[in-house]
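See structure below.
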Amino acid sequence: MPTARESLLDAAFAALEGRPWPRVKMAEVAAAAGVSRQTLYNQFGSKEGLARALVRREADAYLSGVERALSGASGAAGPRERLAAAAVWTVRSATENPLVRAVLTGCWNERLPTPVTSVTPVTSVTPVTSVTSVRTASPGPLPAPGELLGQARDRAVRLLAGDWPPGAVELPLACEAVARLALSYVVAPAPAADVARMVRTVLA
């Protein structure tokens, strides 16, 4: 059974699919999740906190999908096929999820939450100003444009290092090229399956 936090994030994502973020109301999100508005504020502190947590969750889910593709969970066998599967996942994720697309490209439109990619440094002691202060840890700053793709590239280097064929193009260079190729398909949309064919061609 999902926690209250997950239910609230699910409700916020569903609300965002139906209308622009500025028109999403905290009370509506709480009601859709089946919790009180106070619970929502206890979890996230503010609408900005909810937005940050939502984008962070979607970014983390994207990275988890990259790791599944690179581990061969998608059915791809060899390291080149697994790298191609990760590229396909990148394109599909960005096509289906506007938050993933926005974080990957840095292109945020008026329908989406305003991105915040940095946070004010936290001192060793943070005063509590009310009993309704946030009870959960902040998800931290959101990835800057391109940073999320860089994290995916670094995972590829780590997960494929033991299987990369000797004599092939250097693995870090191959992963960088595939990451940039996938991003080009995100910026200039084309069928996700096409990126796999292109990756195979580049790495042949």
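All values below come from the heavy atoms of this structure, side chains included, with hydrogens, waters and symmetry mates left out.
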Does the side chain of [Y] come within less than 4.5 Å of [X]'s, by heavy atoms?
X      : Y      : answer
Cys107 : Val187 : no
Trp164 : Glu170 : no
Phe44  : Leu54  : no
Leu9   : Leu50  : yes
Asp163 : Arg82  : yes
Leu112 : Pro98  : yes
Leu148 : Tyr62  : yes

Taking distance alone, no hydrogens or angles, what donor-acceptor pairs closer than 3.5 Å link side-chain atoms of residues 12-34 to residues at least two apart or in another chain?
| from | atom 1 | to | atom 2 | distance (Å) |
| --- | --- | --- | --- | --- |
| Arg19 | NH2 | Glu28 | OE1 | 2.4 |

Assess whether side-chain contact (heavy atoms from CB on, under 4.5 Å) is satisfied between Ser64 and Arg68, documenting all intermediate values.
CA-CA 6 Å; Ser64 294; Arg68 286 194 300 273; 3.9 Å; yes
Sequence neighbours left out, cut at 3.5 Å: what donor-acceptor pairs do the side chains of residues 153-161 make with other protein atoms?
| from | atom 1 | to | atom 2 | distance (Å) |
| --- | --- | --- | --- | --- |
| Arg153 | NH1 | Glu176 | OE1 | 2.8 |
| Arg155 | NE | Glu67 | OE2 | 2.8 |
| Arg155 | NH1 | Gln151 | O | 3.4 |
| Arg158 | NH2 | Glu67 | OE2 | 3.2 |

Atom CZ of residue position Arg111 - does it have more than 12 heavy atoms of other residues, nucleotides or ligands inside 6.0 Å?
yes
Considering non-hydrogen atoms only, spot the tightest contact between [X] and [Y] and give its length.
X      : Y      : value
Val35  : Ala4   : CG1-CB, 4.2 Å
Ala190 : Val91  : O-CG1, 4.2 Å
Val169 : Ala174 : CG1-CB, 3.7 Å
Asn97  : Leu99  : OD1-N, 2.9 Å

With rounding to the nearest 0.5 angstrom, report the NZ to CG distance, Lys47 to Leu40.
11.0 Å
For residues 87-105, which residue pairs pass the salt bridge (charged side-chain N to carboxylate O under 4.0 Å, His left out) check, not counting sequence neighbours?
none
Verdict with supporting geometry, Val178 and Leu203, side-chain contact (heavy atoms from CB on, under 4.5 Å):
CA-CA 9 Å; Val178 170; Leu203 298 180; 4.1 Å; yes
Show the numbers, then the answer: is there a side-chain contact (heavy atoms from CB on, under 4.5 Å) between Val103 and Arg56?
CA-CA 9 Å; Val103 177; Arg56 181 74 263 178; over 6 Å; no
Could you go step by step and tell me if Thr95 and Val100 meet the side-chain contact (heavy atoms from CB on, under 4.5 Å) rule?
CA-CA 8 Å; Thr95 300; Val100 171; over 6 Å; no
